[in-house]
Amino acid sequence: MYNFKKVESEWHKIWQLAKTNKTLNPKNDEKKLYILEMFPYPSGKLHMGHIRNYTIGDVLARFKKAKGYKILHPMGWDSFGMPAENAAIKHGIHPKTWTNNNVQAMREALQTMGFTYDWDYEVATHSEEYYSLEQQIFLDLYENKLVYRKDAYVNWDPVENTVLANEQVIDGCGWRSGVPIVKKKIPHWCIKITKYAEELLKNLEDLKGKDEVPGWPEKVLTMQEMWIGKSSGLEISFDFQEKIEDFAENGITVFTTRPETLFGASFCAIAPEHKFSTFLAQKNQKISDFIKKCQEIPSTECAISTTEKIGFDTGIFVKNPFNKEQSIKVYIANFVLMEYGVGAVFGCPAHDERDFEFATRYNLSIKSVIKPESNSSQVDVLPYIETVGIMINSSFLDGLSVLEAREKAIQTAEQQNLGVRKTIYRLRDWTVSRQRYWGCPIPMIHCKNCGIVPVPKKDLPVLLPEDVTFDQPGNPLDRHEKWKHVTCPKCGKPAQRETDTLDTFFESSWYFLRFCNPHSVKPIDKLAAQRWMPVDLYIGGIEHAVLHLLYARFFSMALRDMGYTEHIEYSKVNDREPFRSLLTQGMVCHTSFQDSKGNWLFPDDVEKLPDGSYILSKTKEKVTAVRAEKMSKSKNNVVDPETTIEAYGVDSLRLFIMSDSPYDKDFQWSTESLDGTWRYLNKMWRFCENIQEKMNFSEKDLIILPKKEIGEKEAELLKIAHTYLSKITNALNQFSFHTAIAFHRELTKALENYDFSQVIKDAAAEAIYIWLVTIFPFTPHFALEAFEILFKPKEIHIDFLWPEIREDIIQKESTTIAVQVCGKLRGTFSAPIGADDAFLHEQSLALPAVQKFINGKQIKKVIIIKDKLVNVIAD
RNA sequence: GCCUGCUUGGUGGAAUAGGUAGACACAACAGACUUAAAAUCUGUCGAUUUUAAUCGUGCUGGUUCAAGUCCAGUAGCAGGUACCA
C-alpha cells in the first residue's frame, strides 16, 4: 500500500531545504503570472472551503510553473477583526496572542497541504508593519479629500455594538450577527468611493473575458453593476403655491427617471428625514409624531414588504412645473428614502405601481398620459408601467413616443430653468469606522481648538496599546486613558485620539499590492508592483462579489491617482484594474440529516439501509436526509480536513476535491467517492512498482527530444501518451480540473494494458514521464516520489517540466465515420483521415445496417461531413 | 416583483465549432481469486419491449439533412437584489 505519511513528510522536508517555493523574478523574455487566493481570516483551523480554494490555486501554480512561467504565489492573513476580540471576551486571551497562535497553526496546516506558497512573502494585516503603512495610506486619502467625517444615520448592530457598512447589512440584518439593524446617528469616517462610481461601472466592460483571458464571471459583473446602480433622469423643482415663511427654499426639488410623466403628476412625497419635514415637525406635533412612527419601522426585508405605504398630508401645495395651473399636495411618506436621490419624489399613479397604490389609498387623481398603442381605443389597465406607447394629455409632449418625450421633457426643463439633467448612483460612500479594539487605529486627533487634526506622518505609527481589558462592553481604546489623551500636534493643547479603528475590508483592499514586495519600507514597492501586477488569477468565494472586490478596485484607482502606483503598466486591457481574471469556486456541501423533531444529526451517527432510507444507528429511529448543504457547524455536517488527511493523506484530499465537479459549482462531499480517489492513488502506486520492476529505468532513459526514428511500437505508445498530454493540457488551460483527472484515469488504464516489453526504453520513459507530470499538479508528493523510484536520479528531482506536445505523433491516420439514415445513427466504419466524399459515400451505402434502412427507398440526398459523418436521406 | 444562472441515468458529472448522448467516477448487481474477509481483477448498469427496434438531455413548439447545444414560449430549482423615484 502507498505509504502517504512517510512520502508526504519526506517531501515537505526536501521542499523546505531546497526552497522550492522561492519567488523568482521573471527575466526579460520570461512570462510572469501572479496567482492569488483570497487570504483567510486566521480562525485557527482550515476548513474544506479553504482546502478547495487553495488547491485550485496550487494546481494552477504548479501547472504554470512547469510550463515555464515565473510565479508569484503568496499567502497571508486577514488577521484583524472581531473573532479575536470575541475570544478575548470569552476566554480572557489577548487578541494578539490568540491571532498569532492561530496564524501559526494555520500556516502549518497549509504547509502540510503541500501548497507552493513562498513564506518569505507572508503578510499579516495585524502586524505593526502592515497597519502602520496603512495609516500612511489613510492620511493620504484624507489629504486627497477621499476621507471625510459625517454625522449621519448609520446601520447600528445592537449585538456587535458597531456600525456596519451598507454592504454588511443583508436583508436588513447584520451580516455576522443576523439581528435587525437599527438606525442611529453618530459621527463616523467615510470614504468617498462614490467619486469613482462612474469608473467602477465603466471598467466592468473591460473585465469581461476576452480571447485567452477568462476575465470575471458574468454574474459578478452584473452584481457589481446593480450595486453601483446608475440611473439618469431629471432633477426638477416644484415651487410652493404660496411662499412658506421661515423656510429658506421656495419649492421641493425631486428626482425622477420618468420626466415624461410629469403631466400625470398627482402628488409629491418627501422623506420623513427631509429638511422640509423637519421644518414642519417643529411647528406641528402631529407631523413630529408621524415622523417618529416612520423611523420606528425596522428596515428588514419582511418589515418593508408588509409595511403599508402611508403618508401624512401636510396641507401644503406645490405647482406642477410643466403646468403651473395644477396644484399638487405634498405628503410626508414612509416609503421615500432620504439616502437615495434628493429624498423627494413626485407621484404619477397612472404609470407607477407604488404611486398607484398610494393614490388609491388617499383618493388622489389618476391621470393617464401614455397610450399603450397609438391606434388602440380600449380602456387601458392602470397602472401601465411599460415605456412603449404614445404620449397623451401632455401638452407639448403629445404624440411623441415615451422615450422621445423623456428627452424633450428634460430639454424643456433645462431651457426654462426648471430643472437639470442628472445621473445618480445607488452606491453610497463607505463607512469605515468601527468601535472596536482589534483593528487599525485611525490616525486622527480631535482637538477642542483645532477640530480634526490628522496625526503628522512623522508621528506614525499609531500603535495599538497592548494593555487593554475586555471586561466591560464597548471599545477598550475609548477607556484607555494613557493612550487616548495626547497633545494636539497643531496647538499643543490637550486633545484626544480617534478611538475608532478601520473596517477590516480596508486591509484587504491593498494586500495584493503589498504582496509584490512585502518587505518594502513603503506601503507599495512600485517596481515590484510593476513586475507582478495585475493579479492574473484571483481565486476565491462568490460571497465577495460586491464587498471586497469593489473596495479593492476602488483602492487600486485611488492609490494610482495618489501616486502610489503611477508607473504600473497593469495590463493592456485596462491598467487600473487589479484582478485580470477572477475564479469563484463553489461551496463544499455534504448531506445533512434531520430527525423527526428537526434536529441536525451527525452523519457518523446515521446508517443507510439497503432500501436507501436512513436510520439513527443507536435508536434505529428513521431520519430524513436533507439535500446536500454547505458544510456548517449548525448543520452538523462538517468534515474536518485534518481527519481526512490523517486517514487518506494530503494527495488524496487534493485530488478528490478537484475531481467530480467543475471548480465553480458546488462540490458534494462523499466518503465513498473519497475512497475511490484513494483507490486510484494506490492503483497508480502499484503501476509504478510494476513498471519499475519491468523496465528498471535510469535517469539516462529520459531524453525528451524528438527522436530520429521512432519504431511502430514506440509510435503507438507515444501516441497514447501525447494524445492524453494534449487533452489534459487543454483541460487545465480551461480550468476543467475534473475532466483533466478523468483523462488521466483513462491514460493510466491505457498504459496498464500496454505491453512495455515491446518498446525501447527511452520511448517508454517518455510515456511514463508524461503520465507523472500530468498528475503532478494534483498529487505532487506522489508524483515526485514515483519519479525517484522509477528513474533513480543522482540529484533529487524537484521540478517537472511540462513537455511539448508532439503534434506529429498524435495526428490520426484514420477515424470513425458515423453513418446516419434520415438523421438516425445506423452504423459506423473506419476511414482514413481525409478520405474523399466519393469513398465515404460508397462505404456508407455498403454497410448492411444502412442497406436495411434504405431498402426499397429512393436516396434523395447524401450529406457528407468530412472525417466525421455521412447522413443518407432516403424516402 | 426584477436580474442572473441552472435543469442530462440511482448519484456527481462528460459531450471543441449544431454531427455517434451518458466519457470518467460513485453506488448497485453478477462473477473470478480467497478457508474467509479485505484488497484486487472481470462483466452488467437510461427506459420499454425477449435477439431487433422504439423512445430518451424539465415541458411545448420552431429552425435544420441533423438540436443536450440555436430560437420562441413555459415550468421548476438556485443565487443576487429592491419601498431606488
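In what follows, chains are A, B, ... by sequence order, proteins preceding strands, each numbered from 1.
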From A/Phe778, A/Trp669, A/Trp678, A/Tyr648, residue fulfilling ring pair (Phe, Tyr, Trp, His ring centres under 6.0 Å) relative to A/Phe656
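Running ring pair (Phe, Tyr, Trp, His ring centres under 6.0 Å) over A/Phe778, A/Trp669, A/Trp678, A/Tyr648 with A/Phe656 returns exactly one hit, A/Trp669.
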
For nucleotides 5-16 of chain B, read 5' to 3', which letter fits each nucleotide if B means a protein heavy atom sits under 4.0 Å from the base, S means only the sugar-phosphate is that close, and - means neither?
-------BSS--

In terms of the angle between their ring planes, are A/Phe335 and A/Phe358 parallel, tilted or perpendicular, with boundaries placed at 30° and 60°?
perpendicular

Please tabulate, for side-chain N and O atoms in residues 253-266 of chain A, each donor-acceptor pair with protein atoms closer than 3.5 Å (sequence neighbours left out).
from, atom 1, to, atom 2, distance (Å)
A/Thr256, OG1, A/Arg258, N, 2.8
A/Arg258, NE, A/Glu260, OE2, 3.0
A/Arg258, NH1, A/His351, O, 3.4
A/Arg258, NH2, A/Glu260, OE2, 3.3
A/Glu260, OE1, A/Arg406, NE, 3.1
A/Glu260, OE2, A/Arg406, NH2, 3.1
A/Thr261, OG1, A/Arg258, O, 2.8
A/Ser266, OG, A/Ser365, O, 3.1

Touch class at under 4.0 angstrom, heavy-atom based, for A/Arg745 against every strand present
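Sugar-phosphate contact only.
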
Go through A/Ser231 and A/Ile424 one step at a time and tell me if the side chain to side chain contact (heavy atoms under 4.5 Å, CB included) criterion holds.
CA-CA 6 Å; A/Ser231 43; A/Ile424 62 169; 3.9 Å; yes

Determine whether a donor-acceptor pair (N or O, by modelled atom type, separation under 3.5 Å) exists between the side chain of A/Arg553 and the backbone of A/Leu200.
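Yes, the answer is positive, given that a donor and an acceptor are paired below the 3.5 Å cut-off.
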
Show me the dot-bracket string of RNA chain B, counting Watson-Crick or G-U pairs under 3.5 Å, with | for pairs to another strand and [ ] for crossing ones.
(((((((..(((......[....))).(((((.......))))).(((....)))..(((((..]....))))))))))))....

Whole-angstrom distance between B/C41 and B/U34, as gauged at atom C1':
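Nearest-Å result for B/C41 against B/U34 at atom C1': 13 Å.
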
Could you check whether A/Lys727 makes a cation-pi contact with A/Tyr724, meaning its NZ or CZ is under 6.0 Å from the centre of the six-membered ring and within 45° of the ring axis?
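Positive - A/Lys727 is close enough to the ring of A/Tyr724 and near enough to its axis.
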
Can you check whether A/Arg426 has a side-chain N or O nearer than 4.0 Å to OP1 or OP2 of B/A82?
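For B/A82, OP1/OP2 do have a side-chain N/O of A/Arg426 under 4.0 Å.
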
Assuming nearest nucleotide by heavy-atom distance, tell me which of A/Met223 and A/Lys824 is located more 5' along RNA chain B.
A/Lys824

So do the side chains of A/Tyr2 and A/Arg686 get within less than 4.5 Å of each other, counting heavy atoms only?
no

